[in-house]
Amino acid sequence: MSFLIDNDLKDRVRTAVDIVDLMGSYMELRRQGRAYVARCPWHDDQKPSLQVNPERQIWKCWVCDLGGDVFSFVMQREGVSFPEALRMLAERAGINLETEPKSHRGAKSDLDKKSLFDAMAWAVEQFAQCLTKSDEAAEARKYVQSRGLTDESIQRFQIGFAPESWSWLIDRGLSRGLSAEMLESIGVVRRNERGKRYDFFRNRVIFPIRDAQGRAIAVGGRVLPGSANDQAKYINCSETRLYSKSNQLYGLDLARDAISKQRQAIVVEGYTDVIMAHQHGLTNAVAVCGTALGESHIRLLRRYCDSVVLLLDGDEAGQKRTNEILELFVGAQMDLRVLTLPEGLDPCDFLIERGEAEMRKLLSQSVDALEHKIRVACRGFNPLIDTHRANAALEDILRTLSLAPRGNMLSDEASRLRKDQVLMRIARQFGLDDKNLRQRIREMQSEANRRRPAVADIKSPERSQLRFSEMSAMERELFEILIDHPELVPAALERFPMASLNSETAKQLLQLYMDLELAGNDLDFASIMSAVEEASVKSLLASIQAEAEKKSVHSTIDAEQRLFGMYARIASFENQAEDQQRLRVLETNQLSEEEELSLLREMVEQARSRQGLFSDKEV
């Protein structure tokens with residue numbers, strides 16, 4: 001299996017392209033629970049057979065036995081190779097492959113990604129220990145307590161402290177064998193004009209930023225009250241191979257299950273806002289990481305939910321930001337609601353002063369963002385009298401509404417009803433017929449469609465080379481465990497020899513895991529999908545993951561127990577086969593009496609050993 005292109009570049013393109021957006025531009029998708037379905041274009045599909053999982057960013061048609069990720073969809077859809085699919089998706093995401101750093105385009109970096117993850121996890125642990133144990137962190141502990149954060153929250157979010165030193169972390173790293181270059185590569189160390197490296201975070205409370213899999217990828221720092229006035233209140237790591245602020249949401253690793261279950265996310269602006277929300281039971285809260293909420297964040301959220309409440313500080317700047325991002329949500333067909341807190345309070349202070357019940361009451365009264373748009377557009381004049389301003393405001397409102405894709409099954413009955421209600425209200429407010437408003441929206445959509453490039457005809461894909469159906473039940477269970485529990489991969493590779501697998505498909509998949517582990521790659525599902533470039537392998541992995549997800553809700557046995565139980569069964573089968581072979585040898589009557597006795601004695605000894613009994617020699 002080939003790994004021709006650096007995984008960092010594949011990851012960057014993969015995370016920048018949302019699979020629902022991509023496939024929705026080719027076919028009609030419909031929401032079905034937490035997933036989407038569509039009629040498969042590669043067979044005569046009378047009912048939606050193609051399934052899209054927005055959380056895993058994979059797709060699968062069981063009838064065709066095709067599936068995979070965004071790359072394999074483009075490969076199958078357009079009949080192109082992996083490098084061509086990568087280029088097409090990079091162009092779609094606005095990523096210029098020609099300007100990518102050399103290490104992203106081919107040659108493997110000396111600082112491999114696993115080492116970077118390990119270094120960041122180490123740095124986060126140093127900061128956390130400093131906060132809880134160091135005398136230098138006394139003021140930081142007082143500040144954290146003054147913000148109402150509990151010890152449980154401090155531990156859960158791994159809050160830490162960086163002391164007032166230019167080389168505290170560098171010195172500790174060197175004593176541990178971590179170079180300053182490595183720490184610079186993860187963004188916690190920087191260089192001055194003379195090229196000398198120094199600790200970037202000093203005298204700051206540290207908030208680790210983790211990816212959706214819970215791995216530390218960056219940190220943010222909040223200066224302690226009373227520090228020098230010229231210091232920024234908050235600073236974050238610079239962007240690194242691990243961290244891109246436009247693709248991350250603080251707290252998502254802890255919030256994603258609650259977001260998926262409630263189908264709604266609460267987006268706040270600060271680290272302590274998120275922590276305090278979780279502390280008060282609002283476990284679906286996340287925050288942006290030092291940047292405005294953008295398209296990438298919305299694509300990320302749409303993997304888990306359909307609705308977002310934007311919880312803003314009660315200031316003018318917070319209210320202005322709402323209008324700026326509304327169009328992004330309408331275009332992505334996500335429901336956006338807005339809650340501006342009273343009296344200039346931020347979410348953390350509001351929860352401390354008024355509690356969870358009052359916050360939930362306000363959340364239930366949050367204003368629909370389209371309603372907010374109408375109020376802002378019509379503020380300060382009468383649309384029935386001031387026709388000039390009314391026309392400008394109307395065009396602005398209708399242009400926003402036109403961003404919702406036309407004729408797409410993604411917009412369910414509730415969304416269509418809401419749009420009808422908005423149009424009726426606009427018609428009344430501006431004294432117009434709602435039919436004229438609908439016609440103007442259609443005109444705007446037609447104009448936008450004419451500017452879009454044409455979509456190519458669907459091409460029939462080649463059949464998968466590796467087949468999910470070829471694997472035995474035990475082989476499927478093995479890889480289902482490895483996909484859901486990548487931490488068990490090393491143990492599985494050590495205990496399951498290639499000879500224990502029967503199907504060629506399972507053997508190739510085990511070899512893939514061996515090759516990736518040997519190369520130092522991450523072994524979680526997303527990283528495996530990025531690493532492989534063959535469409536048939538991506539399809540196989542998507543099939544296994546889908547089966548693993550179905551079974552996960554019914555499984556009552558710990559994954560590690562399942563894994564070692566399988567190993568015991570395989571060992572038992574091998575022992576039985578070995579015994580049968582020995583019996584066949586005895587039945588040939590070709591052994592001498594001494595050889596027969598020796599073979600029987602060996603069989604007895606092995607049987608006693610399997611049952612945990614001592615041999616006669618050991619007694």
Side-chain angles (χ1 to χ4, degrees), residues 1-11 13-15 17 19 22-23 40 42 50-53 56-89 113 459-472 474-486 489 492-493 496 498 501-549:
M1 297 184 187
S2 59
F3 316 110
L4 303 177
I5 302 170
D6 185 76
N7 279 351
D8 285 350
L9 180 54
K10 297 177 192 175
D11 277 339
V13 174
R14 178 181 56 80
T15 55
V17 178
I19 198 166
L22 173 68
M23 297 181 69
C40 178
W42 293 298
L50 191 148
Q51 300 171 343
V52 183
N53 184 328
R56 290 284 195 171
Q57 290 289 286
I58 58 174
W59 61 279
K60 183 68 188 180
C61 175
W62 292 99
V63 177
C64 294
D65 193 21
L66 293 171
D69 56 7
V70 290
F71 295 113
S72 56
F73 177 78
V74 171
M75 292 165 71
Q76 303 283 19
R77 175 69 172 74
E78 303 289 355
V80 298
S81 65
F82 182 87
E84 290 173 302
L86 176 69
R87 177 185 55 76
M88 293 169 68
L89 290 172
K113 207 166 183 181
K459 300 178 182 180
S460 298
E462 296 180 4
R463 284 286 173 177
S464 299
Q465 297 171 352
L466 301 181
R467 307 290 294 187
F468 177 73
S469 57
E470 180 185 308
M471 294 193 295
S472 68
M474 187 176 292
E475 289 170 342
R476 293 180 191 179
E477 185 177 9
L478 169 63
F479 291 107
E480 286 166 11
I481 291 171
L482 299 191
I483 280 177
D484 269 356
H485 301 275
V489 171
L493 296 182
F496 287 85
M498 194 70 71
L501 304 178
N502 295 319
S503 70
E504 186 60 30
T505 293
K507 289 177 180 178
Q508 287 196 41
L509 199 51
L510 186 67
Q511 188 63 54
L512 166 66
Y513 272 94
M514 289 177 175
D515 293 343
L516 290 173
E517 188 196 41
L518 187 63
N521 283 73
D522 296 325
L523 298 173
D524 60 279
F525 179 71
S527 297
I528 297 281
M529 287 293 280
S530 284
V532 297
E533 299 175 11
E534 292 87 346
S536 61
V537 184
K538 289 178 179 290
S539 179
L540 174 64
L541 288 166
S543 299
I544 297 171
Q545 194 284 322
E547 283 296 302
E549 190 163 342

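The figures that follow rest on heavy atoms only: side chains count, while hydrogens, waters and symmetry mates do not. Note that this is a predicted model, so its numbers are computed, not measured.
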**Request:** Mind running side chain to side chain contact (heavy atoms under 4.5 Å, CB included) on R476 and F468 for me, showing each step along the way?
**Result:** CA-CA 8 Å; R476 293 180 191 179; F468 177 73; 3.6 Å; yes
**Item:** Heavy-atom donor-acceptor pair, W59 side chain to N53 backbone, under 3.5 Å
**Value:** no
**Item:** Rounded distance [0.5 Å steps], CG in L540 versus NZ in K60
**Value:** 7.5 Å
**Message:** In the structure I gave you, are the side-chain heavy atoms of L493 and L510 within less than 4.5 Å of one another anywhere?
**Reply:** yes
**Request:** Would you give the length of the straight line joining atom OG of S72 to atom CD1 of I19, rounded to the nearest 0.5 angstrom?
**Result:** 7.0 Å
**Message:** Run the side-chain hydrogen bond (donor to acceptor under 3.5 Å, both in side chains) test against E84 and tell me which residues pass, sequence neighbours left out.
**Reply:** S81
**Prompt:** Roughly how far apart are M529 CE and I483 CD1, rounded to 0.5 Å?
**Reply:** 8.5 Å
**Fill in**
Value for CG (L512) from CG (L523), rounded to nearest 0.5 Å, stands at 9.0 Å
**Message:** If I compare all heavy atoms of K10 with all of A531, which pair ends up nearest, and what's the gap?
**Reply:** NZ-O, 2.7 Å
**Prompt:** Mind checking what makes salt bridge (charged side-chain N to carboxylate O under 4.0 Å, His left out) contact with D484, not counting sequence neighbours?
**Reply:** R56
**Message:** Show, in sequence, the C-alpha distance, side-chain angles and deciding distance for L86 and V74, and conclude whether the side chain to side chain contact (heavy atoms under 4.5 Å, CB included) test is met.
**Reply:** CA-CA 9 Å; L86 176 69; V74 171; over 6 Å; no
**Message:** If you define the side chain from C-beta out and look only at heavy atoms, does anything of L501 sit under 4.5 Å from L478?
**Reply:** yes
**Asked** Hey, what do you get for CD1 (I481) to CZ (F479), rounding to the nearest 0.5 Å?
**Response** 11.0 Å
**Request:** Measure across D65 and S543 and return the closest heavy-atom pair with its distance rounded to 0.1 Å.
**Result:** OD1-OG, 3.9 Å
**Item:** D522 side-chain N/O to D524 backbone N/O, donor-acceptor pair under 3.5 Å
**Value:** no
**Prompt:** In chain order, what residues pass the salt bridge (charged side-chain N to carboxylate O under 4.0 Å, His left out) check against E475, with sequence neighbours excluded?
**Reply:** none
**Complete:** So CZ of F525 and CD of Q57: to nearest 0.5 Å the spacing works out to 10.5 Å
